[in-house]
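Read through the structure below, which is laid out as structure tokens, and then see the notes.
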There are 2 protein chains.
Amino acid sequence: MTSTYEFPRPALTVDCVVFGLDEPDLKVLLIRRELEPYRGKWALPGGFVHVDESLDDSAKRELREETGLEKVFLEQLYTYGDVDRDPRERVVTVAYYALVRLSDHRVVAATDARDAAWFGVHDVPRLAFDHDRILNAAYQRLQNKVRYEPIGFELLPRKFTLRQLQRLYEIILDRSLDKRNFRKKILGMDVLEELDEVETDVAHRAARLYRFNQKRYREMVKQGVNFEI
Amino acid sequence: MTSTYEFPRPALTVDCVVFGLDEPDLKVLLIRRELEPYRGKWALPGGFVHVDESLDDSAKRELREETGLEKVFLEQLYTYGDVDRDPRERVVTVAYYALVRLSDHRVVAATDARDAAWFGVHDVPRLAFDHDRILNAAYQRLQNKVRYEPIGFELLPRKFTLRQLQRLYEIILDRSLDKRNFRKKILGMDVLEELDEVETDVAHRAARLYRFNQKRYREMVKQGVNFEI
DNA sequence: GCAAAAGTGTTGTGGGTACACCCATGT
DNA sequence: ACATGGGTGTACCCACAACACTTTTGC
């Protein structure tokens, strides 16, 4: 940055790829556009960055305004700045991805008059702008990240069974895992608290419930423990 | 993106963390600021994004203009958008990092009238703006990335000895590696071509030269081979 | 002949993977 | 009693880590 010469400025937006687990599917939240261009097409929730708020705050605000979601896991993904990605004018967008507990946030869909819906991640229609590309990048990031950081818990209820957790990994990674090895590994990490509760309303033996111990996890990370699945 | 309402826009810049290998040090290229704020302080090379060029192109152009570097490895790092990161006005910056072959690009330093210099990565002064933070993030990214992608070759001459390669990894990762294990591993990956040449002008037995085979690497990646060091 | 780095194999161990059965519960 | 998933242990194999000496070359 060497000059304060006033260039015409690109517009700046944020867009969010919101993932939710709806067993047995991983879903993504999309919004139907009411305006041109791409009117009627599905798109990622997002909007302009205000001049007095940080990028993270923009993403949080947009999520709240467009989907009613609050306090979800949110992480910056990548910034997309191809010249022609918006036909109207130059728009650079900072993409985020979010993980939400559908168990906490039921019926997020119909906020305002806006048309919002969850789509299976393998079953998404053609999106507006370059949002397909952004969605793919987010999904890949999630697949990579979940393997060495325990972010998957953000998608599960706070209390969950080991089977649920394994399913989650299987769904995200799109491959099956061995039950015994999975349990050995995940319990060996020592970040799950075994609760004195079991699941209810199941037509078979009830499984034990566990909770993720974030504090313990942070301590272990500090000690350099590896959390690769 | 749901409205075309015209907000006041943040300014948008790119900043580059340029790494170069100057054995036995990993160095970073910095520019001394000639203007307020932070006049006289060292900062990352960078500048405003033009409205008719992509972010990648902006980064390339800034590198060329400010440092004379062309055709270097360049990758987007992260976008920094805290409200007060620039005291003059709201500026969002898309940070990149670059890897350059100092062997190809000697004496980059004094381009134009600008004051540019290479600093050891562990020996960088306090930088302008939030550039310290950006530099740290870039260094961490490099450390992580070099472990599972062969980007380190971008820092070496096209022909190099195994010792040079090992030193590179040791410098970047900041720890020593076992010679035999390193050679076994790296040769086992089958992406190095053994040349019929040896190094010259050394006061001891000359080491064989190798070349990185990018094409072969890409093929192997497609087959899902793992390149973790 | 000496200094300096090149080059080369083996062994132990820990972690990953593959694999099958009995148990508890609800209907 | 049966169906459904819960819960558990072992054996093999491979990849990684640790480790030291001989060879080549220039001076």
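In what follows, every heavy atom counts, from backbone to side chain, and hydrogens, waters and symmetry copies are set aside. We name chains A, B, ... by the order of the sequence lines, and we start the count at 1 in each one.
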Centroid-centroid under 6.0 Å between B/Y80 and B/Y78 rings: yes
Side chains of residues 215-227 of chain B: which donor-acceptor pairs under 3.5 Å do they make with residues two or more places apart or in other chains?
| from | atom 1 | to | atom 2 | distance (Å) |
| --- | --- | --- | --- | --- |
| B/R216 | NE | B/D190 | O | 3.1 |
| B/R216 | NH2 | B/D190 | OD2 | 3.1 |

Protein proximity profile, nucleotides 12-21 of chain D - base contact B, sugar-phosphate-only contact S, no contact -, cut-off 4.0 Å on heavy atoms: ----SBBBB-
Spacing between A/L209 atom CG and D/dG7 atom C1', to the nearest angstrom: 15 Å
A/N226 CG - C/dG15 C1' separation (whole Å): 12 Å
Could you give the side-chain donor-acceptor pairs of residues 168-179 of chain A under 3.5 Å, partners two or more places apart or in another chain?
| from | atom 1 | to | atom 2 | distance (Å) |
| --- | --- | --- | --- | --- |
| A/E170 | OE2 | A/Q166 | NE2 | 3.2 |
| A/E170 | OE2 | A/L177 | N | 2.8 |
| A/D178 | OD2 | A/R180 | N | 3.2 |
| A/D178 | OD2 | A/N181 | N | 2.9 |
| A/D178 | OD2 | A/N181 | ND2 | 3.3 |

Distance, rounded to the nearest Å, where B/I186 contributes CD1 and C/dT8 contributes P: 15 Å
B/D201 CG - C/dA4 C1' separation (whole Å): 16 Å
Contacts of type side chain to side chain donor-acceptor pair (under 3.5 Å), residue B/D57, not counting sequence neighbours: B/S54
So which protein nitrogen or oxygen atoms get under 3.5 Å of nucleotides 22-27 of chain C's nitrogens or oxygens?
| from | atom 1 | to | atom 2 | distance (Å) |
| --- | --- | --- | --- | --- |
| C/dA24 | O4' | A/R205 | NH1 | 3.4 |

Length of the line joining A/F160:CZ and D/dG6:P, which is rounded to integer Å: 14 Å
A/L209: which of A/D196, A/T161, A/V198 passes side chain to side chain contact (heavy atoms under 4.5 Å, CB included): A/T161
Heavy-atom side-chain contact between A/P157 and A/Q164 under 4.5 Å: yes
Backbone of A/R211 reached by a side-chain donor or acceptor of A/E193 within 3.5 Å: no
Length of the line joining A/Y148:OH and C/dG16:P, which is rounded to integer Å: 18 Å
Rounded interatomic separation in angstrom, taking CZ from B/F182 and C1' from C/dG9: 18 Å
More than 12 heavy atoms from other groups under 6.0 Å of CZ on B/R167: no
Strand contacts (DNA chain D) in residues 161-171 of chain A, 4.0 angstrom heavy-atom criterion: A/R163
Salt bridge B/K145-B/E75, side-chain N to carboxylate O under 4.0 Å: yes
Flag, side chain of B/D132 to backbone of B/L127, donor-acceptor distance under 3.5 Å: yes
Phosphate OP1/OP2 of D/dG7 contacted by A/R183 side-chain N/O (<4.0 Å): yes
Pair A/F153 + A/F160: ring centers closer than 6.0 Å: yes
